[in-house]
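Contents: one structure, followed by commentary.
Numbers here are sequence positions counted from 1. Keep in mind that this is a model prediction, so the values were computed, not measured.
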Amino acid sequence: MLILVLMLCLATAVYVALRRRDVLSLYLLGMSVCNLVMLAGIVIYIAKMGGTAAQQRAFLFLVPELQTWLQFLPLSMDKLGYVVAIGRSLYPLFALLAALETTMIPFFRRRLKGLRILACIPPALWLIYYYPRTFRTLIDGRLWVLPILINVVLAGIVVYLAAAAVLMVLEYRATTMPVFKRNFRYVLLCFLSISVLYLLYAVKDPAQIYNMFISEYIRLGITSYISSSLPGLGWIVLGLCTVFSVVLGSYSMVRYTQVNYDDTRQDLILQRKFDAAGMGVSVFVHGVKNQLLSSRVLHKKLSRALAEDPPDLEKIRACAGQLNELNEGMLRRMDELYRSVKNNAITLTPVSVEQLAFTAVERFHGKYPDRPVSVELTTHRQVLADLGHLSEAICNLLCNGFEAALQAGRDNPRVELLARGERMWTVLEVRDNGKGIPAELQNKIFEPFFTSKNTNYNWGMGLYYVRKIVKSHLGRLRLESRPDQGTSFFIMLPLYDAHEEE
């Protein structure tokens, strides 16, 4: 049974690594492989030694045939012991590397390369020490050295895992954005569950498999891997703890992957819908735009003619003004549709967050000159951005937020623009105090041509355009909304300079 649950954990880790294809998932895969290597060596060793109780056989082998097959594998005790030592020694290294990959503490980020090299040194020394020939040379005739080295290696393992756990917990507590906190929670749960499984078996010293100083290990209080001292209930508890750790770790890894998978799937769905809706759009746009230009010419002629006609002059002028406003609005939306259909060039250059926010607010005031925007910048980072396109996208979100607050009938309609550094991202948040977006519409609002506003003035391309621009900046667009509490859109841009201090 133990081998089966470990294979489940390994299969999950491989799935995560193939799905995400990032450094952190590779480190999680390394942790799972080390666990499997260590425990597989222990199980084979126990099978070769025999003499196991019924509870042990059920827990370790599930069926007697598996024990018999493992018993006759052509592996020496030296090789088995060193296999266990490899898994036991490398697991803390992968755990600490995973923690260093997640931390955003400036001190560690600036020294990341050097810390990775330093982290490799103790595990390398452990592997040299546990190599059978080296081990026998060091211990032969010097039994007093054995307890010292056992405690030194075990203390090193504890230090590595404790340091990794502290870094991850600190990073989790420092994370404030809900989507990041949820995603990082899965990483933390995966790390803790796999580490608990590791510690259940790593407290024993793998050199005992070389079968050299069994009596010395007993004197030191270290029980053998083949010890049957656990009662039947103890083996049941050990089995349940193992299964629980593997299941929790596997679930956390899958959930960690699901966030990116959902984003990719939604992008594909939106692209298909836009491609379907876009068939014939260019011809349609060309024809309608010509009609609108003709309408503008007619409006000018009508205005000149009406200027000579005194009866109901104000009413006719008002109608003419409304016609002009409609035409101008349709032309603006037509240009917006062109931007969405046409693959405009995106030029990414370093832009300060202050400049990006100022330009977006300035554009917003071009439409709503007397409406204030609350701006709060808690980071001075630069981002790689096309200032024109990205500021237009932020302006679109600001306008949508303000209009949502107006439609909600708020006494004080409010829209805010906030910027902060969040782990590997620079986050721009647009927040309003409207009624919020119902859960059933939160995915639909990004679809092309979907709108809840007057379709004479809005064709539903705004949020699709915003999402497209953010994706072209290698970023992500997130939505958090609660009924009657407003909506927040998060534009998450990759960190431009990981060594820059806040």
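In this structure a side-chain-to-backbone donor-acceptor pair under 3.5 Å is missing from Tyr91 to Gly30. Formation of a donor-acceptor pair under 3.5 Å by the Thr103 side chain with backbone atoms of Ala99 is not found in this model. In this structure, the side chain of Tyr82 engages the main chain of Leu127 through a donor-acceptor pair within 3.5 Å. Side-chain N or O atoms of Asp432 include none that pairs as donor or acceptor with a backbone N or O of Ala405 at under 3.5 Å. Formation of a donor-acceptor pair under 3.5 Å by the Thr426 side chain with backbone atoms of Glu422 is not found in this model. With hydrogens and angles ignored, the 3.5 Å screen pairs no side-chain donor or acceptor of Asn433 with any backbone N or O of Gly401. No donor-acceptor pair under 3.5 Å is formed between the side chain of His365 and the backbone N or O of Asp370. Using a distance-only test at 3.5 Å, with no hydrogens or angles considered, a donor-acceptor pair links the side chain of Tyr160 to the main chain of Ala119. Remark: side-chain polar atoms of His473 are not paired, donor with acceptor, to backbone N or O of Leu493 under 3.5 angstrom. Looking at Ser391, its side chain does come within 3.5 Å of a backbone N or O of Gly388 through a donor-acceptor pair.
Heavy-atom minimum distance, Ser195 versus Met31: OG-CE, 4.3 Å. In this structure, Trp126 and Ser89 approach most closely via the heavy-atom pair CB-OG, 3.7 Å. In plain terms, the two heavy atoms of Ser472 and Leu348 that are nearest each other are O-CD1, 4.5 Å. Closest heavy-atom contact between Pro123 and Leu90: CB-CD2, 4.5 Å. The heavy-atom pair separating Arg381 from Trp425 by the smallest distance is NH1-O, 2.7 Å. The two residues Val353 and Ala419 make their nearest non-hydrogen contact at CG1-CB, 3.4 Å.
The 12-atom threshold is not exceeded at OH of Tyr131, counting heavy atoms of other residues, nucleotides or ligands nearer than 6.0 Å. Within 6.0 Å of atom CZ in Phe358, 12 or fewer heavy atoms from other residues, nucleotides or ligands are found, so the atom counts as exposed in its surroundings.
In this structure, the side chains of Thr487 and Arg431 stay at 4.5 Å or more apart for every pair of heavy atoms. No side-chain heavy atom of Val430 sits less than 4.5 Å from a side-chain heavy atom of Ser488. Annotation: side chain of Asn400 is in contact with side chain of Leu463 (closest heavy-atom distance under 4.5 Å). Side-chain contact check for Leu39 versus Ile42: some heavy-atom pair is nearer than 4.5 Å. Between Leu479 and Phe490, the closest side-chain pair of non-hydrogen atoms is not below 4.5 Å. Counting heavy atoms from C-beta outward, Leu80 and Val84 have side chains that stay 4.5 Å or more apart. A heavy-atom distance below 4.5 Å is not found between the side chains of Val415 and Ser374. Counting heavy atoms from C-beta outward, Val23 and Tyr27 have side chains that approach closer than 4.5 Å.
Rounding to the nearest 0.5 Å gives a distance of 9.5 Å between CZ of Phe489 and CG of Asn396. Between Leu356 atom CG and Ile394 atom CD1 the span is 4.0 Å, to the nearest 0.5 Å. The structure places CZ of Phe108 at 11.0 Å from OG1 of Thr102, a figure rounded to the nearest 0.5 Å. Of the inter-residue distances, the one linking Arg467 atom CZ with Leu477 atom CG reads 6.5 Å to the nearest 0.5 angstrom. The CD atom of Glu354 sits 8.0 Å away from the OG1 atom of Thr379 when rounded to the nearest 0.5 Å. The CG atom of Leu115 lies 6.0 Å from the CG atom of Leu100; values are rounded to the nearest 0.5 Å.
In this structure, the salt bridge (charged side-chain N to carboxylate O under 4.0 Å, His left out) partners of Arg116, at least two apart in sequence or on a different chain, are Glu101. Legend: residues meeting side chain to side chain contact (heavy atoms under 4.5 Å, CB included) with Ile148, ordered by chain and number and at least two apart, are Trp144, Val152.
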* **Stepwise side-chain contact (heavy atoms from CB on, under 4.5 Å) test for Arg88 and Val153** => CA-CA 10 Å; Arg88 183 176 184 255; Val153 174; 3.7 Å; yes
* Asked: Would Val83 and Val37 satisfy side-chain contact (heavy atoms from CB on, under 4.5 Å), going step by step from the backbone distance to the final call?
  -> CA-CA 7 Å; Val83 164; Val37 168; 3.6 Å; yes
* Is there a salt bridge (Lys or Arg N to Asp or Glu O under 4.0 Å) between Arg478 and Glu480 once you walk through the steps? -> CA-CA 7 Å; Arg478 290 283 180 181; Glu480 297 282 344; over 6 Å; no
* Asked: Between Ile105 and Leu167, is a side-chain contact (heavy atoms from CB on, under 4.5 Å) present by the stated rule, with each step listed?
  -> CA-CA 9 Å; Ile105 299 175; Leu167 287 176; 4.2 Å; yes
* Audit row: Leu397, Ile491, side-chain contact (heavy atoms from CB on, under 4.5 Å) steps and yes/no -> CA-CA 10 Å; Leu397 294 178; Ile491 295 177; 3.8 Å; yes
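Salt bridge Glu403/Lys367: present, at least one basic N to carboxylate O contact under 4.0 Å. The existence of a salt bridge linking Glu376 and Arg420 is excluded, since no basic side-chain nitrogen approaches an acidic carboxylate oxygen closer than 4.0 Å.
For the residue pair Ser352/Gln382, the side-chain donor-acceptor check at 3.5 Å is not satisfied. Side-chain contact, Asn35 with Tyr201: no donor N or O sits under 3.5 Å from an acceptor N or O.
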